Amino acid sequence: QVQLVDSGGGLVQAGGSLRLSCAASGRTFSRYRMGWFRQAPGKEREFVAAATWNGLSTYYADSVKGRFTISRDNTNNTAYLQMNSLKPDDTAVYSCAAAWGAVVGLNYRSVSSYDYWGQGTQVTVSS
């Protein structure tokens, strides 16, 4: 079992940067693929980014490609989401998630394919 704790959110002006962290408990963190999702008020949760167990393959939503970077440190059981050039449309609650198993097709984009979730951290981007 894995427990995830998100942190690093906050209020930032448009064009600014934030780095989110996802600290995981458990000794099997390196066996899980990781994802970041976000949910804005009145909207469904949406995929943001994902990484395979070793971080060598990464995937991004078109809306964040080139601005956000997902990474992971398996030694320290932590995943990160570096967010640059933030826009007001990026305002949402961001949550990390862990999934047991390999990437198959586009399953990394599916909320239902993830087994564990962080509590979420608020990101607010002002114009």
Side-chain angles (χ1 to χ4, degrees):
Q1 190 168 355
V2 175
Q3 291 184 324
L4 306 175
V5 178
D6 304 316
S7 63
L11 173 64
V12 64
Q13 288 188 332
S17 298
L18 283 173
R19 189 176 80 156
L20 306 184
S21 298
C22 174
S25 65
R27 295 179 292 177
T28 59
F29 172 74
S30 63
R31 298 183 183 180
Y32 288 82
R33 57 183 169 87
M34 298 297 296
W36 285 95
F37 289 76
R38 68 186 181 186
Q39 187 167 20
K43 295 186 177 181
E44 293 187 353
R45 183 175 288 179
E46 64 173 0
F47 166 75
V48 175
T52 51
W53 68 273
N54 55 8
L56 293 183
S57 293
T58 56
Y59 310 86
Y60 297 94
D62 288 344
S63 59
V64 307
K65 200 171 293 183
R67 300 188 297 122
F68 290 11
T69 302
I70 186 172
S71 61
R72 63 189 298 164
D73 180 348
N74 287 345
T75 300
N76 292 310
N77 283 8
T78 304
Y80 302 97
L81 185 67
Q82 177 67 43
M83 306 186 297
N84 299 328
S85 302
L86 282 161
K87 305 175 182 179
D89 284 349
D90 295 319
T91 295
V93 175
Y94 285 71
S95 301
C96 68
W100 182 270
V103 169
V104 177
L106 298 178
N107 67 342
Y108 59 86
R109 303 179 64 93
S110 170
V111 169
S112 63
S113 77
Y114 289 84
D115 304 301
Y116 304 102
W117 291 84
Q119 83 286 2
T121 184
Q122 176 70 46
V123 172
T124 303
V125 184
S126 63
S127 58

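Just so you know, these numbers come straight off a predicted model, no measurement behind them. Just so it is clear, the values below take in all heavy atoms, side chains as well, and ignore hydrogens, waters and symmetry mates.
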So which heavy atom on [X] is nearest to which on [Y], and how close?
X	Y	result
S95	G120	OG-CA, 3.4 Å
A24	V2	CB-CG1, 4.0 Å
S127	P88	CB-CG, 3.9 Å
N84	Q82	OD1-NE2, 2.9 Å
A40	A92	N-CB, 3.8 Å

[X] side-chain N/O to [Y] backbone N/O, donor-acceptor pair under 3.5 Å:
X	Y	result
Y108	T52	no
N77	F29	no
R109	F47	no
N107	V104	yes
R67	M83	no
D73	T78	no

[X] and [Y]: same hydrophobic cluster, using ILVMFWY side-chain contacts below 4.5 Å?
X	Y	value
Y80	V123	no
L81	V12	yes
M34	F68	no
W100	L4	yes

Nearest-0.5 Å distance that lies between atom [atom1] in [X] and atom [atom2] in [Y]:
X	Y	atom1	atom2	answer
Q39	E44	CD	CD	8.0 Å
Q122	L11	CD	CG	9.5 Å
Q119	C22	CD	SG	8.5 Å
L86	S126	CG	OG	10.0 Å
W53	R31	CH2	CZ	10.5 Å
C96	R72	SG	CZ	10.5 Å

Worksheet entry | ring pair (Phe, Tyr, Trp, His ring centres under 6.0 Å) assessment of F37 paired with Y114 | CA-CA 11 Å; F37 289 76; Y114 289 84; 5.1 Å; yes
If you define the side chain from C-beta out and look only at heavy atoms, does anything of [X] sit under 4.5 Å from [Y]?
X	Y	answer
Y116	Y32	yes
Y60	T69	yes
V64	R38	yes
D6	W36	yes

Worksheet entry | Heavy-atom neighbours of W117 CH2 exceed 12 at 6.0 Å |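 Check passes, neighbour count above 12.
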Item to complete: Please indicate whether Q3 has more than 12 foreign heavy atoms, meaning atoms of other residues, nucleotides or ligands, lying under 6.0 Å from its CD.
Response: no
Discussion item. Looking at D62 and K65, is there a salt bridge between them, counting it only when a charged N and a carboxylate O are closer than 4.0 Å?
Written reply: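 Salt bridge: yes.
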